[in-house]
Amino acid sequence: MLSRFIIRIACLAALLSCEMPTHAQINTDQVMQVGRNALYFEDYMLSIQYFNQVIAAKPYLAQPYFFRAIAKYNLDDFRGAVADASKALEQNPFLLDAYELRAVANQNIGNVEDALNDYDEVLGTLPENRVILFNKALAYQELKRYDEAAATFDALLATHSGFDGGYVGRARLRLEQKDTVGALADVEKALDLNKRSVNAYLIRADVAINSHRDYAAALDDMNEAIRLQPKYPGFYINRAFLRHNLDDYYGALSDYEYAIQLDPEDYTGYFNRALLLCEVRDFDKALADLNKVLALRGTDYRALYNRALVLKEKRDFKGALADINTIIAAYPNLAAGYFLRSEIRRDMGDLKAKDDLDRSLALARGNKAGNTSRNDSRKQGGQDSSKTSSDSNSTEPQTAGEPTPFDKDFEEIMRGASESPDKVMARFTSLLTVNDNANIEQEFINKSIRGRVQNRNVSISYEPIFTASYYNSPTELRPNPEYIKEVDEINRTRALRFLLQVTNSVPSLDDEDQIKRHFDSVNYYNSYLSSHKPRAIDYFGRAMDLLTLRNYDGSIADFNRALELTPDFTMAYFMRGIARLQKLESEAEESAKTQPGDGRIHQAMPTVIPGASMQQRRANMAEVMADIDKVIELSPEMPVAYYNKGVILLQLQDYTSALKALNRAIELKPDFGEAYYNRGYVYYMLGDSSKGSADVSKAGELGVVPSYNLLKRMNR
């Protein structure tokens, strides 16, 4: 899996500054830079096309092969990444980063031995490289070569004794080898070095639960992990489990509530909360949560079983019978299924209840006789569904789609385990937990892989700005592009090579033919402008092609030329502002990769370089805002211009002015769903829940899909 390995793409900064010859037919410096822009924006197909051009012009260079390998790696084309990294190494056998990239790609396709060879190649030059030693230890561990993994961790820590992550990694290895004492010693050492080591607290919590059932001590460590990493939903699910075991029902429910808010698509929080609600006999809310689990998971037999219990309590016998019949049809040897159906039928007055009870008892007796030894060994091994992780030695975060120990236990129960029906019911309704030992390796990956935003949680943000583009992403609810009079006038002249559309959802170019068409179009304009008297529309057309291809400097220069020829060209001002904005986003994206922190550009402030003051943010946006204001001056009835201004002001936290701009957009276009949504967003930011909910509700009515997610969170 990608998340199990580290690749230090951050070290590419040295490569980015390398001088390249400029005597080829294309400006390879510029093409490489534009390719990197596309790479940072995750337009991997587009970036590959740029690197292809450099390779065609100068096949002896290593860098374009290397960057193309990165693009292929991010497209999960690991074999292609290996091939390109190998080609880069043919051109430059001293390119150590290519060895590392090839190693990581090889590990993803299971060629761990090849990966080890590449790590050794790097270590031959950099024998004390911390990250490579760490990766090599993980590779050995994956191959179950524990002695070599331990020796590599020892070598790592002998050289880098202050590296807390090394101690955490070795602690995980020692747990895999059942050396709890050694693992705890490493955890304590890691915490001595770094009191903010989340993984160290999680490992210590695991040991406290699984080895000592010391829930209070585990809770202290989980509290600290949550304090350090407060937005990870699985942490709250596990803390809820601990609180439940300490009889803190209110605290457990509160944690499930917050976990669900952080990740509304993770079924585990709904399932666990439903079981806890059943304990306090709040069956209506429990039923709603179980319905949500089934909506997310499809036919989930645990949820069906518990829903049958809830429906029985609510005296909806028809619904309860339907659920238990579904389970029995899938698992005809489940004693507990017949037992529950016998109770449902008894309450219904159905005489078949006795047949089900007899069948249940017979299955239970037969299973007990055939499975005692197996179940005894399971109990001695301590495999209990109430653990906080599905594997006490795993470092992978548990996701909704992966099996938990409850899934495995359930499969055995469904095949007729030895427990009595009552015990099966108790076991079956044990709270689910997830393995939330946040992957040690993932912490490094988030900081190092360029061009990839790591944000797996559902986030709420405003609707983005509108632009004119040759492409759109229509949906069933929003099938048509937005309307701007000036765009329609340009399209009717047929002066451009492609039709313009107004959208706030521009798709990435993922078709080689599409990309080639725009390169060809740029070449057409180059030829035309060299042999004809220049017109503003021709520079505008070339600027649009360059903007589509992420060449921001080139597009801004052409918009400038168009405005020199036609100073009242409204759409040239409009699109120059967009080009300037996207250039700022690209620069902020690149800058963020060299900043400490989580290495992400947050959607709520896409044009801000991390650490910049609000004054600097406004300065960065001054030219963009000037272009928007000029558009409004030239076309005062354009709602999209006021909308875009409102979005920029929202980004700059000038909420009062943002409201004024969005109000005007809605006045001009009363069915402007995105404007309602963003105005509601601003009202929420100002603490006005009533107006915010009204506007977001209107936006949902007008087809803005995220509206309902926001409403649900704000009105829970």
Side-chain angles (χ1 to χ4, degrees), residues 19-38 41 43 45-59 61 64 467-471 486-501 506 509 511-583 586 623 627 630 634:
E19 292 293 329
M20 296 179 62
T22 58
H23 59 271
Q25 293 180 351
I26 66 170
N27 186 332
T28 52
D29 279 334
Q30 183 179 5
V31 174
M32 284 288 292
Q33 181 59 53
V34 176
R36 291 196 298 270
N37 287 342
F41 266 87
D43 289 333
M45 287 291 297
L46 176 59
S47 70
I48 288 172
Q49 300 309 305
Y50 281 112
F51 300 136
N52 287 347
Q53 289 188 48
V54 180
I55 290 169
K58 297 183 179 180
L61 292 178
T467 182
S469 171
Y470 293 131
Y471 301 96
E486 289 79 1
V487 170
D488 185 57
E489 289 172 351
I490 291 173
N491 284 336
R492 282 192 280 111
T493 67
R494 300 292 180 178
L496 298 180
R497 293 170 58 79
F498 308 94
L499 288 178
L500 289 175
Q501 303 179 68
V506 180
L509 294 186
D511 183 286
E512 291 186 17
D513 290 335
Q514 285 180 331
I515 295 169
K516 185 177 183 299
R517 278 199 297 270
H518 290 287
F519 281 119
D520 291 343
S521 183
V522 170
N523 291 332
Y524 165 83
Y525 281 115
N526 292 342
S527 176
Y528 184 89
L529 288 167
S530 68
S531 57
H532 293 76
K533 182 179 179 180
R535 300 179 302 170
I537 193 64
D538 299 319
Y539 284 118
F540 182 88
R542 188 171 68 177
M544 289 300 303
D545 281 314
L546 291 170
L547 183 59
T548 302
L549 295 170
R550 303 285 193 190
N551 187 341
Y552 306 118
D553 290 330
S555 66
I556 292 169
D558 272 352
F559 287 131
N560 289 339
R561 294 184 183 103
L563 289 167
E564 289 171 3
L565 294 173
T566 308
D568 62 348
F569 195 165
T570 303
M571 286 309 299
Y573 286 107
F574 186 100
M575 292 309 303
R576 187 175 69 177
I578 297 296
R580 285 171 166 170
L581 180 64
Q582 292 188 5
K583 181 182 178 182
S586 175
E623 289 185 327
D627 279 338
K630 187 64 177 180
L634 294 170

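Between the CD atom in E489 and the OG1 atom in T570 there is a gap of 8.5 Å [rounded to 0.5 Å]. Distance check: M544 CE to S555 OG gives 9.0 Å after rounding to the nearest 0.5 Å. Expressed to the nearest 0.5 Å, how far CG of D520 lies from OH of Y525 amounts to 13.0 Å. Within the model, atoms CG of L563 and CG of D627 stand 8.0 Å from one another, a figure rounded to the nearest 0.5 Å. If you take CD1 on I556 and CZ on R580, they are separated by 6.5 Å, rounding to the nearest 0.5 Å. For the atom pair CG (D553) and CD (Q30), the distance works out to 8.0 Å, reported to the nearest 0.5 Å.
Closest non-hydrogen pair, I55 versus P64, comes out as CG1-CB, 3.6 Å. Closest of all the heavy-atom pairs between L547 and I578 is CD2-CG2, 4.4 Å. Across N37 and S586, no two heavy atoms sit closer than the pair OD1-OG, 3.3 Å. In this structure, A57 and T28 approach most closely via the heavy-atom pair CB-CG2, 4.4 Å. The minimum heavy-atom distance linking A468 with M575 is given by the pair O-CE, 3.3 Å. In plain terms, the two heavy atoms of T566 and A536 that are nearest each other are OG1-CB, 3.2 Å.
When the side chain to side chain donor-acceptor pair (under 3.5 Å) test is applied to Q501, no partner is found at least two apart in sequence or on another chain. When the side chain to side chain donor-acceptor pair (under 3.5 Å) test is applied to R561, the partners found at least two apart in sequence or on another chain are D558. For F540, the ring pair (Phe, Tyr, Trp, His ring centres under 6.0 Å) partners two or more places apart in sequence, or in a different chain, are F559, F569. The side chain to side chain donor-acceptor pair (under 3.5 Å) search around R492 returns D488, not counting sequence neighbours. Y470 pairs by the ring pair (Phe, Tyr, Trp, His ring centres under 6.0 Å) definition with F498, H518, not counting sequence neighbours.
The side-chain heavy atoms of I490 and I537, taken from C-beta on, include a pair separated by under 4.5 Å. For the pair Y539/E564, no side-chain contact is recorded, criterion being any heavy-atom separation below 4.5 Å from C-beta on. Considering only heavy atoms from C-beta on, Q514 stays 4.5 Å or farther from T548 through its side chain.
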Exercise for the section: Report the C-alpha separation of D545 and R517 in whole Å, then their side-chain angles, then the decisive distance to 0.1 Å, and conclude whether the side chain to side chain contact (heavy atoms under 4.5 Å, CB included) test is met. Expected result: CA-CA 9 Å; D545 281 314; R517 278 199 297 270; over 6 Å; no

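Checked by atom type and distance alone, the side chain of Y552 never pairs as donor or acceptor with a backbone atom of V34 at under 3.5 Å. Proximity of a side-chain donor or acceptor of N491 to a complementary backbone N or O of L500 within less than 3.5 Å is detected. At least one donor-acceptor pair closer than 3.5 Å links the side chain of Y50 to the backbone N or O of L549.
Contacts classified as side chain to side chain donor-acceptor pair (under 3.5 Å) and involving residues 527-536 (residues at least two apart or in different chains) are given here: R535-D538.
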